[in-house]
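Just below is one structure, and these are the notes that go with it.
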Amino acid sequence: MLWGGKMINIIKNTIKKELELFLFNTYNQEIEITVEKPKNQKMGDISIPVFSAVKVLRKPLPQVVETISEQIKNSEYYNYFDKINSVSGFINITLNKGIFAKSIIKEVQQTKNFGESNLGEGKTIVMDYSSPNIAKPFSVGHLRSTVIGHAIGNILEKLNYEVVRVNHLGDFGTQFGKIIYAYLNHGDKDKVEENPIEELMKLYVDFHERAKEDPSIEDEARKIFKELEQGNPKYVKLWEHFREVSLEEYMKVYEILDVKFNSYNGEAFYNDKMKAVVDELIEKNLLVKDEGAMIVSLSDNLPPALIQKSDGSTLYITRDLAALFYRKNTYDFDEVLYVVGNEQKLHFTQLREVVKTMGYDYYEDIHHINFGLVLQDGKKMATRKGKIVRLMDVLQEAKKLSLNYINEKNPTLENKEEIAEKVGVSAIVFNDLKNYRANDIEFNLSDMVNFVGQTGPYLQYTSVRITSIIEENVIDKENLDYKLYTSDASFELIKTIDEYPEILIKAKEEYSPSILAKYLLTLASYFNTYYAQEKVMVEDLIERNTKLFLISIVRDILDDGMKLLGMQVIKKM
RNA sequence: GACUCGGUAGCUCAGCUGGAUAGAGCAACGGCCUUCUAAGCCGUCGGUCGGGGGUUCGAAUCCCUUCCGAGUCGCCA
């Protein structure tokens, strides 16, 4: 990991400051010194390129190397260093493994909730994620927003942020005009009762087919939506019903994923809060009529934001503005995160700009946590054409394959079904989180349910292996032999343990669960190497205890990290 | 056409605030279960970092240009 661990960063920053101060005092020159991790571990643990100093000081390279190397000996952390050598302009420091390992293990011992931070103390972050569109099946596309949002929320809480999780249901808009139109004109009420989501989806697809033949029905749909917005009781009743049956279906998914929200206020919730937004825009002289619609002009070559349609009904951004103001007033957030796909980038840029134009400073706290599309055959999945992959189908498939694995690898396992679901679902979740969120992903079932290599099951399996070694053993944290932590395999583990707190902070800064996901893979991989090299349950009690303690730390981090990612932690598999 | 994001090994991706021989996993091939779960471990094979310029002691990383892919671009969300 490039950013290093907590302990090693303290050492690196200290060296940096010490050297910069020394150079300033000696040569009266401000020289930036970079202290980094060598690419190759054989070169040491800390590396200092001296090229920048050579350039500024205009002295021969060997002389600069000599001067800086000598100065390093005066470092506060000199007793941590085993050796200092130089190779072609780099000064490399190798740490004393025993001292370094001990300081890290002590740190872990003294920390109750390892990895937490006071970064978020007293700060509130509102998160808008999952947000499926009512009357459509929960697709693999919705999964991304759900698991990315869930994971980021968990990481924020670990860093002591107050997190408000909002499921901003797509329960309003012209699409409901379409569905209601289709339902009233071509719908089979019995079929819809029987299998609401599927039938409503079919009606929606059917509507677009018909609209190709007869575009006038689009106007019909818009008219119905406008009346719905104004409270036509017949339409409102239908809409309420559709919303209810959809939510029921979604709750099943959320239960499987173990995802919970503080609020399910969707777009419709803001129906009566938009007039205030429009009024404020008028008052601030920002709203202008253009081609019949009401728009806000934006700078920076941005297309204008459409606030109101020609017929007076509202649009997406109008509802998002109302939602934003409501959230600011209700939660007084420090940041608001919208976990929404790449394709809405322009929308959120416009949203920010409108807020800025209205004179609110907190436009800077609005973050679009964009993620890549789930593509099919290289193209965006089109709901309107009914091309959709249902998440439930994928989860079922994952569970089935997971069960096959269990029957093959561990046929006597108890609660096979339960474990199979936990492994299968976690595999899907991890697969969605392991890569940088903004990358598009091609839908590929066999990738999603892969259980070998850099996968969710690999992490679970590693944790399970550790659990099975520890079993009923009681670990005495005070009775450790730190010398045993200096073997290559142990030391790699310890250096990686040291990185956990920094990784979580990095994941927050980038709003990127993949940073944590990749880290857990690295940690698991080092453990499995360790496992192959060293026997834990040895005769010598101190050695056994020392090793048990190390692997228990690894297990705790793995389990903690998996929970943060929204995966299931298991004891056996 | 404009704007945004992407192009790194056969495949999926890390690395991108410039540093030393470009890293993983999968696939392929070869080893390792009478030592704690082999969903694992070890090894081999595999790359002109899309192409071309530039800046620099040093470029996958920064700048310019070009090609390719995806997405978006006023009355959908």
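Reminder, nothing fancy here: chain letters follow the sequence lines and each chain counts from 1. Computation of the quantities below employed the complete heavy-atom set of this structure, encompassing side-chain atoms and omitting hydrogens, waters and symmetry-equivalent molecules.
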Provide a list of protein-nucleic acid N or O atom pairs under 3.5 angstrom, restricted to nucleotides 34-42 of chain B.
from  : atom 1 : to       : atom 2 : distance (Å)
B:U35 : O2'    : A:Lys535 : NZ     : 3.2
B:C36 : O2     : A:Met537 : N      : 3.1
B:C36 : N3     : A:Val536 : N      : 3.0
B:C36 : N4     : A:Tyr531 : O      : 3.0
B:C36 : N4     : A:Glu534 : O      : 2.4
B:U37 : OP1    : A:Ser468 : OG     : 2.3
B:U37 : O2'    : A:Tyr461 : OH     : 2.3
B:U37 : O2'    : A:Arg465 : NE     : 3.3
B:U37 : N3     : A:Met573 : O      : 3.1
B:U37 : O4     : A:Met573 : N      : 3.3
B:A38 : OP2    : A:Arg465 : NE     : 3.3
B:A38 : OP2    : A:Arg465 : NH2    : 2.2
B:A39 : OP2    : A:Lys409 : NZ     : 2.6
B:G40 : OP1    : A:Gly453 : N      : 3.1
B:G40 : O2'    : A:Arg465 : NH1    : 2.6
B:C41 : OP1    : A:Tyr458 : OH     : 2.7
B:C42 : OP1    : A:Thr529 : OG1    : 3.1

query: Expressed in angstrom and rounded to an integer, what is the separation of A:Asn439 atom CG from B:G71 atom P?
result: 15 Å
Set of side-chain hydrogen bond (donor to acceptor under 3.5 Å, both in side chains) partners for A:Asp45, sequence neighbours left out: A:Lys495
message: Quick check, does A:Phe51 stack with B:G19? I mean ring centres under 5.5 Å and planes off by under 30°.
response: yes
task: Indicate whether the side chain of A:Arg319 and that of A:Asn271 have a donor and an acceptor atom separated by less than 3.5 Å.
output: no
field: Distance in angstrom units between A:Arg437 CZ and B:U12 P, rounded
entry: 21 Å
task: Starting at atom NZ of A:Lys37, determine the distance to atom C1' of B:G23, rounded to an integer number of angstrom.
output: 12 Å
- request: With the side chain counted from C-beta on, respond yes when A:Leu298 and A:Pro304 share a heavy-atom pair under 4.5 Å apart, and no when they do not.
  value: no
query: Looking at the rings of A:His347 and A:Tyr316, which for Trp means the six-membered one, are their centres under 6.0 Å apart?
result: yes
message: Can you check the distance between B:A22 and B:U44, where both ends of the measurement are the P atom (answer in whole Å)?
response: 16 Å
field: Interatomic distance at P, B:G18 relative to B:A59, whole Å
entry: 13 Å
- request: Can you tell me the distance, in whole Å, between the NZ atom of A:Lys345 and the C1' atom of B:G71?
  value: 11 Å
query: When rounded to the nearest Å, what value does the distance between C1' atoms of B:A9 and B:C26 take?
result: 12 Å
task: Check the surroundings of atom CD1 in A:Ile542: do more than 12 heavy atoms from other residues, nucleotides or ligands lie under 6.0 Å from it?
output: no
message: Rounded to whole Å, how long is the line connecting atom CG of A:Leu373 with atom P of B:A70?
response: 12 Å
side-chain hydrogen bond (donor to acceptor under 3.5 Å, both in side chains) partners of A:Glu417, counting only residues at least two apart: A:Lys399
field: B:G52 to B:C13 separation - P atoms, rounded to the nearest Å
entry: 25 Å
query: At under 4.0 Å between heavy atoms, what does A:Leu346 touch on the DNA or RNA strands: base, sugar-phosphate, or nothing?
result: sugar-phosphate
- request: Can you check whether any acceptor in the base of B:U12 is under 3.5 Å from a donor in the side chain of A:Asn444, or vice versa?
  value: no
- request: Using the P atom as the reference point in each nucleotide, state the distance between B:G51 and B:G7 in Å, no decimals.
  value: 13 Å
- prompt: A:Ser310 side chain N/O closer than 4.0 Å to the phosphate oxygens (OP1, OP2) of B:C75?
  reply: no
field: Value in whole Å for how far the P atom of B:C76 lies from NE2 of A:His347
entry: 15 Å
Nucleotide nearest A:Asp440 (side chain, heavy atoms from C-beta), chosen from B:A20, B:C76, B:A70: B:A70
task: Pick the C1' atom in B:G23 and in B:C62, then give their distance to the nearest Å.
output: 22 Å
message: Of the listed nucleotides (B:U12, B:C73, B:G71), which one gets closest to any side-chain atom of A:Pro303?
response: B:C73
message: Categorize A:Ser47 for me: base, sugar-phosphate, or nothing, with a 4.0 angstrom heavy-atom threshold over every strand shown.
response: base
- line: Of the listed B:U12, B:U21, B:G74, the closest approach to the A:Glu291 side chain comes from B:G74
message: Taking the C1' atom in each of B:G74 and B:A70, what is the distance between them to the nearest angstrom?
response: 23 Å
statement: Among B:A20, B:A77, B:C75, the one nearest any side-chain atom of A:Asn92 is B:A20
- prompt: Hey, is CG on A:Asp447 packed in by over 12 heavy atoms from elsewhere, all under 6.0 Å?
  reply: yes
- request: May I ask you to check whether A:His208 and A:Lys178 show a side-chain donor-acceptor distance below 3.5 Å?
  value: yes
message: Could you check B:G25 for me: syn (within 90° of 0) or anti?
response: anti
task: Calculate the interatomic distance between A:Asn342 atom CG and B:G69 atom C1'; express it in whole Å.
output: 14 Å
query: Any luck finding a side-chain donor-acceptor pair between A:Ser525 and A:Thr522 under 3.5 Å?
result: no
task: Nearest whole angstrom, please: distance from the P of B:G7 to the CG of A:Asn435.
output: 12 Å
message: Work out how far the C1' atom of B:G25 is from that of B:C42, and round it to whole angstrom.
response: 15 Å
